Amino acid sequence: MNWDQILSALSSDPRMRQLVILATAVVLALMVRLFFTRVVGLFTSKTVSDVDDLIARELRNPAIVTVILVGILMAFREFDAPEIAESFVKGTTVTLIGAMWMVAVLRVGRLVLGVISRNVDTLAFVEPRTLPLFEMILKVASVGGFLYFVCIAWNIPLTSWLASAGVIGIAVGFAAKDTLSNLFAGIFIVADAPYKVGDFVVLDNTTRGQVLEIGIRSTRLLTRDDVEITVPNAVIANSQIVNQTGGPSDKMRVRVKVEAAYGSDVDQVESVLLESVEGVEHVCSDPAPRVRFRAFGASGLAFELLAWVDEPVFRGRVLHALNSSVYKNFNAAGIEIPYAKQDVYVKEMPGGGS
């Protein structure tokens, strides 16, 4: 059987053409897989970082599946199918390809941004605090490109949509004003950087937690009760934010307020309070703990013990340890901790009785 007969059989038999197309797609997919395994793997194995290995892994599967889907689409066209069926299969196939590559671009983009943010000396504008902003831009660009790709695949005319974009924009602006306000607030939060991922923040002196993620719409906080709270960015933008991790260092000052009874030796009280800090974990030696005599209270002398902890996360356990130590040392030293009490004098019993 010569080549003319083979070509004649292919031109006259659509099933034969479909088999050839599918077989060719499978062979090309195997070649793509071999290329990533052998050629790309050879180059990535010579590098110290594993980032290129992860990028190659993220791109390998979409490339293989894309070749197979394109082969299936070309084989389907050999059927004498109605135009509507062919358009449906084409749109579905192209949508699947676009979705796969959108996910791959998002994953590769996150990997690249993560590497760049850890090398601030190379590119100073991509820092850990600005990383969420670039991730937002990456998400918006990837999803926007995917939607544009889908419109082309399904033969959706973009001209009419763009012509009515002004009217649609006004309608969407009124309908989704909260979502848009959260979006712009998230951009301003990342640009202004009042906090970053990992910081301990207090919102309006009520909600305290560690920042887990700064998203497009909201910010996620993890409280000390291990409860995750999702706060809309618009709410945060209008709140008073106390960043306990901000400042020149991660250290945080804790205060222990205590009173000593009138008549107590002030120097002894100060000495006992400073001794109470000894042996408490996570208390910094620099700055050194100190004691302040704050006021003459209604029931006793008001003192305040000031100490610094390594990180805000240790505040709760350090306060517990300091309160316990101060109470035990006051009892051992015979220093009375006063409490509010009232003396009631009965001038005359009801009914004139004695």
Side-chain angles (χ1 to χ4, degrees), residues 17-77 89-153 187 190-191 193 196-198 211-216 220:
R17 291 197 299 270
Q18 291 171 351
L19 290 176
V20 171
I21 293 173
L22 291 177
T24 304
V26 172
V27 172
L28 290 177
L30 292 176
M31 292 178 63
V32 171
R33 184 178 184 275
L34 186 64
F35 173 77
F36 276 95
T37 304
R38 298 293 179 85
V39 180
V40 178
L42 179 63
F43 286 102
T44 57
S45 61
K46 296 180 180 180
T47 59
V48 179
S49 175
D50 60 344
V51 177
D52 48 1
D53 298 275
L54 297 176
I55 293 176
R57 186 184 308 170
E58 295 294 342
L59 297 178
R60 181 182 61 189
N61 291 335
I64 295 174
V65 177
T66 298
V67 173
I68 294 177
L69 288 178
V70 170
I72 293 175
L73 178 60
M74 294 178 64
F76 181 81
R77 286 184 173 180
V89 173
K90 175 187 174 183
T92 304
T93 304
V94 176
T95 301
L96 291 176
I97 294 175
M100 283 191 307
W101 283 104
M102 180 190 68
V103 175
V105 169
L106 285 174
R107 291 178 177 175
V108 171
R110 289 196 187 100
L111 288 173
V112 174
L113 288 175
V115 173
I116 295 176
S117 66
R118 290 191 294 269
N119 295 274
V120 184
D121 297 335
T122 305
L123 291 173
F125 65 92
V126 182
E127 303 176 7
R129 70 179 184 87
T130 59
L131 182 60
L133 176 61
F134 288 96
E135 289 183 347
M136 288 183 192
I137 297 174
L138 175 64
K139 291 178 182 178
V140 172
S142 300
V143 174
F146 170 69
L147 294 177
Y148 180 77
F149 199 62
V150 169
C151 290
I152 295 178
I187 295 175
V190 175
K196 62 182 182 297
V197 175
V211 180
L212 294 181
E213 181 181 353
I214 305 174
I216 297 177
R220 292 192 296 146

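Worth saying up front: this structure is predicted, and the values here are computed from it rather than measured.
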State the [atom1]-[atom2] distance between [X] and [Y], to the nearest 0.5 angstrom.
X: Phe36; Y: Ile64; atom1: CZ; atom2: CD1; result: 7.5 Å
X: Leu34; Y: Leu28; atom1: CG; atom2: CG; result: 12.5 Å
X: Met100; Y: Leu69; atom1: CE; atom2: CG; result: 5.0 Å
X: Glu135; Y: Leu106; atom1: CD; atom2: CG; result: 10.0 Å
X: Ile97; Y: Thr92; atom1: CD1; atom2: OG1; result: 11.0 Å
X: Trp101; Y: Glu58; atom1: CH2; atom2: CD; result: 11.0 Å

Shortest non-hydrogen contact between [X] and [Y], atoms and distance:
X: Val51; Y: Val115; answer: CG2-CG2, 3.4 Å
X: Ala56; Y: Val40; answer: CB-CG1, 3.7 Å
X: Gly71; Y: Ile21; answer: O-CG2, 3.4 Å

- Task: Not counting sequence neighbours, which residues clear side chain to side chain donor-acceptor pair (under 3.5 Å) with Asn61? List them please.
- Result: none
- Would you list the pairs meeting side-chain hydrogen bond (donor to acceptor under 3.5 Å, both in side chains) in which at least one residue belongs to residues 29-48, sequence neighbours left out? Thr44-Asp53, Thr47-Asp52
- Message: Set out, in order, the CA-CA distance, both residues' side-chain angles and the distance that settles side-chain contact (heavy atoms from CB on, under 4.5 Å) for Leu22 and Ile72, then state yes or no.
- Response: CA-CA 6 Å; Leu22 291 177; Ile72 293 175; 4.1 Å; yes
Side chains of [X] and [Y]: closer than 4.5 Å at any heavy-atom pair?
X: Val211; Y: Lys196; result: no
X: Phe146; Y: Thr95; result: yes
X: Met31; Y: Val67; result: no
X: Ile55; Y: Val112; result: yes

